[in-house]
**Q** 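Can you read through this structure? Questions will come right after.
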2 protein chains.
Amino acid sequence: MTRPPRRARAVDVAARAGVSVATVSFVVNGKAEGRVSPATRLRVLDAIAALGYVTDASARALATGRRRQVALLAHDMTNPFTAQVAAGAAAGIAEATEGTGHLLLLLASDDAEPDTEPVGAATVDGVLINYPGTLPAGRPDLPVVHLDDPAAGGHQVSMDVVVGARELAAHLAGLGHRHVVFVDSNRPWSTFVERRTAFTDEFARRVPGAVVTGDRSGIDLAGAVGHATAALEGWQRSGATAVVTATDVQALGVLSALAAAGVPVPGRLSVAAFDDIPFAAVSAPPLTTVRLPARELGHRGAVLLSRVIDGTAVDPAPVVLPAQLVVRGSTGPATM
Amino acid sequence: MTRPPRRARAVDVAARAGVSVATVSFVVNGKAEGRVSPATRLRVLDAIAALGYVTDASARALATGRRRQVALLAHDMTNPFTAQVAAGAAAGIAEATEGTGHLLLLLASDDAEPDTEPVGAATVDGVLINYPGTLPAGRPDLPVVHLDDPAAGGHQVSMDVVVGARELAAHLAGLGHRHVVFVDSNRPWSTFVERRTAFTDEFARRVPGAVVTGDRSGIDLAGAVGHATAALEGWQRSGATAVVTATDVQALGVLSALAAAGVPVPGRLSVAAFDDIPFAAVSAPPLTTVRLPARELGHRGAVLLSRVIDGTAVDPAPVVLPAQLVVRGSTGPATM
DNA sequence: CTGTTAGCGCGTTCAT
DNA sequence: ATGAACGCGCTAACAG
């Protein structure tokens, strides 16, 4: 009665069904068509169910060379944008592989590089990089898709940040703003460079004598609040009438600092940003921001990566997702 | 000149170093001590570096039975609490395994159960469940640690929600509130049940004739906003002077709905919740909430799981992390 | 101190 | 239509 609680193997299934392991393998992998008679196929299926047999992933991986896993290299899961990318990626890989593919989460610890050991150890069939910079060499032919890194080569999916930035510039210009502070991220990622330069260029083009003061802060909430609190007075003295940040998280920090200091938004200072994370819609006032489709980014990236892995996608054709300005209550007419 | 871009294997290293694969295996796994001479060890190391050799994870897993991977079963990575748990878990597993362990992310798609196929396929050495309910059977002896699920048996780490809930009840009672609306989560997870009953009991104990009106909403931002907007009028008519929600996300939604309706907080209605996600500190007004150490939860859970896996932790001794009320601006004296 | 070798569990070609 | 046998790359017991 005391059956060994050991996992059933293909041999066990084969024995119970009175066939060979090869037959079991065929049935399990859907290659029974024209090779295994429907009757025996059913017997095998029964045995599988009875034994609770599940193919061992490591053994299969060793035999096939496919791991059925993909890694997501990201920086900080605590950032809502990243979290959405991850959620989208998980859904995308599941969808593209019909539930057989899975996501290995590789996060950077603090400011270090994320741990890429699994990549070298061939634990994954491909990598999704939501992180600037390339992989450590060693696996030159490993399928890779870059996310939101317009400067990256190869396969990538990004968002039309430039269009969104221009819309934002036009919006602020139309409200009469002439001097804005642009709070960049203190990480020199290409997506942030693009946000800043596209905004700055368009704003300068539309507003004669425009002034865009550069500034930067961490993109974590605490860092953003601290920076904004300290920089606030300088912003006011400079005559700026609007603050644009590279990310929503920073803007939420700015909003908080302004509220604490009793500065009316958008009465005294307008605030706008990029991302449109869910919390941007419920801040006080709700945040005007450039909507960047984070979840879609992860989703499309995962689907693309799956295609690269199975060889369907060969030549790198960058996918660019649309971005769009969402006007809410944090921006208003410029007032000096 | 055209070297095959193939990954180097142990045999290749062995050949280059003039030793056998066993020797390579020993030095790779740090078992060279007293088995391999320092000199040959160095030769092997050189060969490894020269060839860029990295042990194949699948092969090693097949041979050792250890996958060096752990799964995190979670519901919605978009929820900041979950994201923090994930970040903590990733850090914890890396720490406990000195960088050799990794995190497989298994998310539930919408309201379905999360995909547990990798668990059955033995892709992981253990599972971290931040999700109510147990694993599908089939692997009864698989190490499991439940997170924030006080009703779960076995190994688990949770938080002292009861203490926090009582502090909150005392706080509101002290401010003169007698009628509060408790907006529960619409998911019947034990952690939420605990939050509600602990709060309700303590509040009733402290306030003679106390009224706690029950209510519930989704714990996603959109759902919370929608619900609050619709329920708002009823809350006001009922004579409630405070709203307590099961999670910060819901409270943020409530705050947003109240702001849109022009209801002063805490002037007309006080608002409080559980979690203390980062955004709770920057809302307008900043949210009074019971701080639940999410990151720590994930971290400790991962460390504990590692111990269970390597057999260090045997008897399930539930770990309970402290919770503590953080009073901010969203709660004030009751006013009718 | 070092080499040989038998598994680990599955996929797949080649006979039958 | 089915089974036998080899290989995937590595670990670990055993022999020397």
Side-chain angles (χ1 to χ4, degrees), chain A residues 4 6-45 47-48 51-68 100 117-118 120-123 125 139, chain B residues 4 6-45 47-48 51-68 100 117-118 120-123 125 139:
Chain A
R6 197 165 183 276
R7 276 164 46 78
R9 294 160 306 162
V11 214
D12 304 324
V13 175
R16 194 179 217 273
V19 299
S20 79
V21 289
T23 305
V24 174
S25 177
F26 285 140
V27 172
V28 165
N29 297 307
K31 296 180 180 173
E33 201 63 38
R35 307 177 129 291
V36 178
S37 76
T40 54
R41 193 183 103 90
L42 235 60
R43 285 212 320 283
V44 172
L45 253 22
I48 288 178
L51 266 34
Y53 170 75
V54 181
T55 304
D56 182 277
S58 298
R60 165 186 274 155
L62 188 56
T64 62
R66 290 288 258 261
R67 263 99 266 236
R68 301 193 173 191
T100 62
E117 186 269 328
T123 303
D125 293 331
R139 313 230 39 210
Chain B
R6 198 166 184 273
R7 273 164 49 78
R9 292 161 308 164
V11 216
D12 303 325
V13 175
R16 194 179 218 272
V19 300
S20 80
V21 288
T23 305
V24 173
S25 177
F26 283 138
V27 343
V28 164
N29 296 309
K31 295 179 181 172
E33 203 62 38
R35 304 177 132 294
V36 178
S37 77
T40 53
R41 195 183 103 90
L42 234 61
R43 286 214 318 283
V44 172
L45 253 22
I48 288 178
L51 266 35
Y53 171 74
V54 181
T55 303
D56 183 278
S58 299
R60 163 185 278 155
L62 187 55
T64 62
R66 289 289 258 266
R67 267 93 263 242
R68 302 196 174 187
T100 63
E117 186 268 330
T123 304
D125 293 329
R139 314 231 38 211

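Residue numbering restarts at 1 for every chain, and letters A, B, ... go by the order of the sequence lines.
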**Q** At their closest point, which heavy atom of S58(A) faces which heavy atom of R67(B), and how far apart are they?
**A** OG-NH1, 3.3 Å
**Q** Could you state the CZ-P distance from R41(A) to dA1(D), rounded to the nearest angstrom?
**A** 14 Å
**Q** As an exercise, state the distance from CG of D12(A) to CD1 of I48(A), rounded to the nearest 0.5 Å.
**A** 11.5 Å
**Q** Please report the end-to-end axis angle for the helix from dC1(C)-dG16(D) to dT16(C)-dA1(D), five pairs per end, rounded to 10 degrees.
**A** 40°
**Q** Would you indicate what V28(A) reaches in the nucleic acid, counting non-hydrogen atoms under 4.0 angstrom: base, sugar-phosphate, or nothing?
**A** nothing
**Q** Would you indicate what V24(A) reaches in the nucleic acid, counting non-hydrogen atoms under 4.0 angstrom: base, sugar-phosphate, or nothing?
**A** nothing
**Q** Rounded to the nearest 0.5 Å, how far apart are OG1 of T40(B) and CZ of R35(B)?
**A** 12.5 Å
**Q** What is the minimum heavy-atom distance between R41(A) and A32(A), and which atoms define it?
**A** CD-CB, 4.0 Å
**Q** Please report the distance, rounded to the nearest Å, between CZ in R66(B) and P in dT11(D).
**A** 14 Å
**Q** Categorize G34(A) for me: base, sugar-phosphate, or nothing, with a 4.0 angstrom heavy-atom threshold over every strand shown.
**A** sugar-phosphate
**Q** Residues two or more places apart in sequence or in another chain: which of them pass side chain to side chain contact (heavy atoms under 4.5 Å, CB included) with A59(B)?
**A** L62(A), D56(B)
**Q** Anything under 3.5 Å between a donor and an acceptor, one on a side chain of residues 15-28 of chain A, the other on a protein residue two or more places apart or in another chain? List them.
**A**
| residue | atom | partner | partner atom | Å |
| --- | --- | --- | --- | --- |
| S20(A) | OG | A22(A) | N | 3.3 |
| S25(A) | OG | N29(A) | ND2 | 3.3 |

**Q** Taking any atom closer than 4.0 angstrom to a non-hydrogen atom of chain A, what span of DNA chain C does the protein reach, first nucleotide to last?
**A** dG9(C) to dT13(C)
**Q** Is any side-chain heavy atom of R60(A) closer than 4.5 Å to a side-chain heavy atom of R66(A)?
**A** no
**Q** Within residues 53-61 of chain A, which residues have any heavy atom lying less than 4.0 Å from an atom of DNA chain C?
**A** Y53(A), T55(A), D56(A), A59(A), R60(A)
**Q** Identify all pairs in which a protein N or O lies below 3.5 Å from an N or O of nucleotides 12-16 of chain D, and state each distance.
**A**
| residue | atom | partner | partner atom | Å |
| --- | --- | --- | --- | --- |
| dA12(D) | OP2 | K31(B) | NZ | 3.1 |

**Q** If we ignore hydrogens and angles and just use 3.5 Å, is the side chain of R7(B) paired with the main-chain N or O of R139(A) as donor and acceptor?
**A** no
**Q** Tell me whether R68(B) contacts the main-chain N or O of A61(B) through its side chain, where contact means a donor paired with an acceptor under 3.5 Å.
**A** no
